[in-house]
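Presented below is the structure to which this report refers.
Note: hydrogens, waters and symmetry copies are ignored here, and every other heavy atom, side chains too, is used.
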Amino acid sequence: MEIQRAAGAPRGGRALTAPRGGGVFAAAAGPRAMTRPTISSTSVAILGAGLTGMAAAYHLGRAGVPHRVFERLPRPGGHAITVEDDGFRFDRTGHLLHLRDPATRELALGWLGPDPLEIERRSMIWSNGTYTRYPFQANTFGLPPAVAYECLRGFIEAHFAASRPEPRNFEEFCLAHFGEGISRHFMIPYNSRLWGVHPSEITAAWCSRFVPLPKLEDVLAGAVGLNDRELGYNAKFLYPRLGIGQLTHGLARALAEQRPRDAGTPALELGRAPMAIDWRARELVFDDEIVRYDVLVSSAPLPALVRLLSDAPRAVGEAASRLRCTHLYYLDVALDTPCGQPLHWVYVPEAKYPFYRVGCYSNFSASMAPPGKACLYVELADRAEPDLAALLPRVADGLVEMGLIPAPSAVRFARLRRIDHAYVVFDHSYFESLEAVRPFLEGQRILSCGRYGGWNYSSMEDALHFGRDAAHRAQALLGGAP
């Protein structure tokens, strides 16, 4: 078993993939160039070349609106990328396309290229030494009888409760809707591991879309193994044959083709991050250039964007500093054997395992791994940087117990990765803080959008819609019809 940190990874809990400083759009280290910066202008400046930023650029380009896109990293795609390592392909954990809007689906299929895979979800829960179907709350069949009984009884008691006070937090939401058993055996422990904070710290207001609420008949059928349909928003999804990076590569290619030959700048200006934003003058300040804009579209993480604003109002800065998110450590794992279960991903609520979710890229697409081999992502519950020498045997033992690998020797290599901004924490100051920041930015013609620019929990289709909508709002601010 080969144990490796990500290339160039520092020790001590810093980001493995981002520099020190003010987040995604931090100023580069080193002295400022002494040459006088040039001054240029554009109608719309875009910070970030992830899905949201590139979608905004695409729709502005279709409308003929002059714009420039700046990305700190040397490659586009944000979190939606695929890397190749010794013949194995890895995304930045599971990125799956759930496309409901016909117009967005048509665009995405064009960017994906030929033969995307349309997949019916195969996801399970591993708990109490057995697999059960997802979602847990509607599929207790197969659990030990005492556990299944506790879950079913608790759900029925909650369902027929004479009064149900409005839940104040996510823990109370779970107890009110699912009862004591389901909450104790899955909802509370799993979500504590996923979010990195206890559900009592999370407001209940975000739950309705992403937490399936089964009907009584679903729960009863699922208790005896009679559920004949998949529940939840992600029962079917699209996946590119060579990984999710095909989507962002295709979108970047469309932007390059769309860019006028005499534009003077590339479609995506990579490795470019402003040192500051003069929001009064509407200027992005770089070492070598000052870029004046009429509208700024930003998909940078919202607190990082506010930190870039020169002399932002104190109340805005303080509110932005209260916005919380959790980072995530995960492993890219290459196997010398096929995956032992035909699963796309599995949820793991029990604290004895160091991971809370495991997914298999090569079960999404066989092209993600060499023939006869497999590749996994393993999302770690602990937010502290792990000691890989101590961690890997525990991970391998868990994978053996779950039947995903035959023995620890099946692990060819494991790479440690970190995502700085993984999950926005919807804590009890979330809405108040967001509403103190958002109107100020919009009043300065700054459109902060996307999963992290808008500080929300959302899908890749949502990211494409955020970019489209930002492009339309920018056009309206410029005086043109969207």
Side-chain angles (χ1 to χ4, degrees), residues 1-9 11 13 16-17 82-94 122-132 134 142 144 189-190 193-194 196 243 327-419 422:
M1 179 193 304
E2 180 184 347
I3 301 174
Q4 282 198 356
R5 299 164 58 80
R11 299 208 175 261
L16 300 184
T17 55
T82 303
V83 298
E84 187 170 354
D85 189 342
D86 195 25
F88 296 84
R89 303 179 70 83
F90 301 94
D91 300 339
R92 284 178 68 73
T93 78
R122 296 193 304 272
S123 61
M124 305 286 278
I125 293 95
W126 172 262
S127 68
N128 295 279
T130 190
Y131 283 105
T132 54
Y134 172 86
Y190 179 77
R193 310 182 88 210
L194 170 72
H327 61 269
L328 170 66
Y329 286 102
Y330 70 97
L331 303 177
D332 287 339
V333 178
L335 304 180
D336 277 327
T337 63
C339 183
Q341 298 286 343
L343 302 173
H344 295 128
W345 65 90
V346 55
Y347 303 93
V348 185
E350 294 173 320
K352 65 180 180 178
Y353 300 99
F355 45 80
Y356 66 85
R357 183 163 52 198
V358 178
C360 184
Y361 296 118
S362 46
N363 283 347
F364 297 152
S365 167
S367 299
M368 296 294 282
K373 303 183 188 300
C375 48
L376 312 176
Y377 60 91
V378 178
E379 295 176 295
L380 303 176
D382 196 334
R383 264 49 182 190
E385 184 177 359
D387 176 348
L388 282 182
L391 173 69
L392 259 295
R394 295 180 59 211
V395 169
D397 287 346
L399 297 179
V400 170
E401 188 177 340
M402 295 165 66
L404 298 176
I405 60 175
S409 59
V411 176
R412 181 182 183 89
F413 64 77
R415 316 284 195 224
L416 176 64
R417 312 293 188 191
R418 171 172 162 147
I419 297 175

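In this structure, Arg193 and Val348 have side chains that are in contact, with non-hydrogen atoms separated by less than 4.5 Å. Looking at heavy atoms from C-beta onward, Tyr353 lies in side-chain contact with Trp126 at the 4.5 angstrom threshold. Put simply, the side chain of Cys375 does not reach to within 4.5 Å of the side chain of Arg89, judged on heavy atoms. Tyr134 has its side chain within reach of Ile125: a pair of non-hydrogen atoms, C-beta onward, lies under 4.5 Å apart. Contact check for Phe88 versus Tyr361: no side-chain heavy atoms found under the 4.5 Å cut-off. Contact of the Leu416 side chain with the Leu331 side chain is registered, since non-hydrogen atoms from C-beta on lie closer than 4.5 Å. Contact of the Tyr377 side chain with the Phe355 side chain is not registered, since no non-hydrogen atoms from C-beta on lie closer than 4.5 Å. Here the side chains of Asp85 and Phe413 are in contact, with some heavy-atom distance below 4.5 Å.
Take Asp91 and apply the side chain to side chain donor-acceptor pair (under 3.5 Å) test, not counting sequence neighbours, and it matches Thr82, Tyr239. Qualifying salt bridge (charged side-chain N to carboxylate O under 4.0 Å, His left out) partners for Asp86, counting only residues two or more places apart in sequence or in other chains: Arg412. Every residue meeting the side chain to side chain contact (heavy atoms under 4.5 Å, CB included) condition with Pro354, not counting sequence neighbours, appears here in chain and number order: Leu391, Arg394, Val395. Residues forming a side chain to side chain donor-acceptor pair (under 3.5 Å) with Thr337 (at least two apart in sequence, or on another chain): none. Partners of Asp397 according to the side chain to side chain donor-acceptor pair (under 3.5 Å) rule, which considers only residues two or more places apart in sequence or in another chain, do not exist here.
Under the 6.0 Å distance and 45° angle rule, Arg92 does not count as a cation-pi partner of Phe90.
The two residues Leu328 and Ala422 have their closest heavy-atom pair at CB-CB, 3.6 Å. Residues Ala389 and Pro393 share a closest heavy-atom pair of O-CD, 3.2 Å. Here the closest non-hydrogen pair linking Gly87 and Pro370 is O-CD, 3.4 Å. Pro189 and Pro349 make their closest contact through CB-O, 3.5 Å (heavy atoms, listed as atom of the first residue, atom of the second, distance). Nearest heavy-atom pair across Met402 and Val346 is CE-CG1, 3.5 Å.
When each of Arg383, Arg418, Arg417 is tested with Tyr329 by the rule side chain to side chain donor-acceptor pair (under 3.5 Å), just one qualifies, namely Arg418.
Note that CG of Leu335 is 7.5 Å distant from CG of Leu399, once rounded to the nearest 0.5 Å. The structure places CE of Met368 at 8.5 Å from OG of Ser362, a figure rounded to the nearest 0.5 Å. Atom SG of Cys360 and atom CG of Leu376 lie 5.0 Å apart (nearest 0.5 Å). Residue Tyr356 holds its OH atom at 8.5 Å from CG of Leu380, rounded to the nearest 0.5 Å.
Residue pairs meeting the salt bridge (Lys or Arg N to Asp or Glu O under 4.0 Å) criterion with at least one partner in residues 361-375, sequence neighbours excluded, are Asp336-Lys373.
Between Tyr347 and Tyr190, the ring-plane angle classifies as perpendicular under the 30° and 60° cut-offs.
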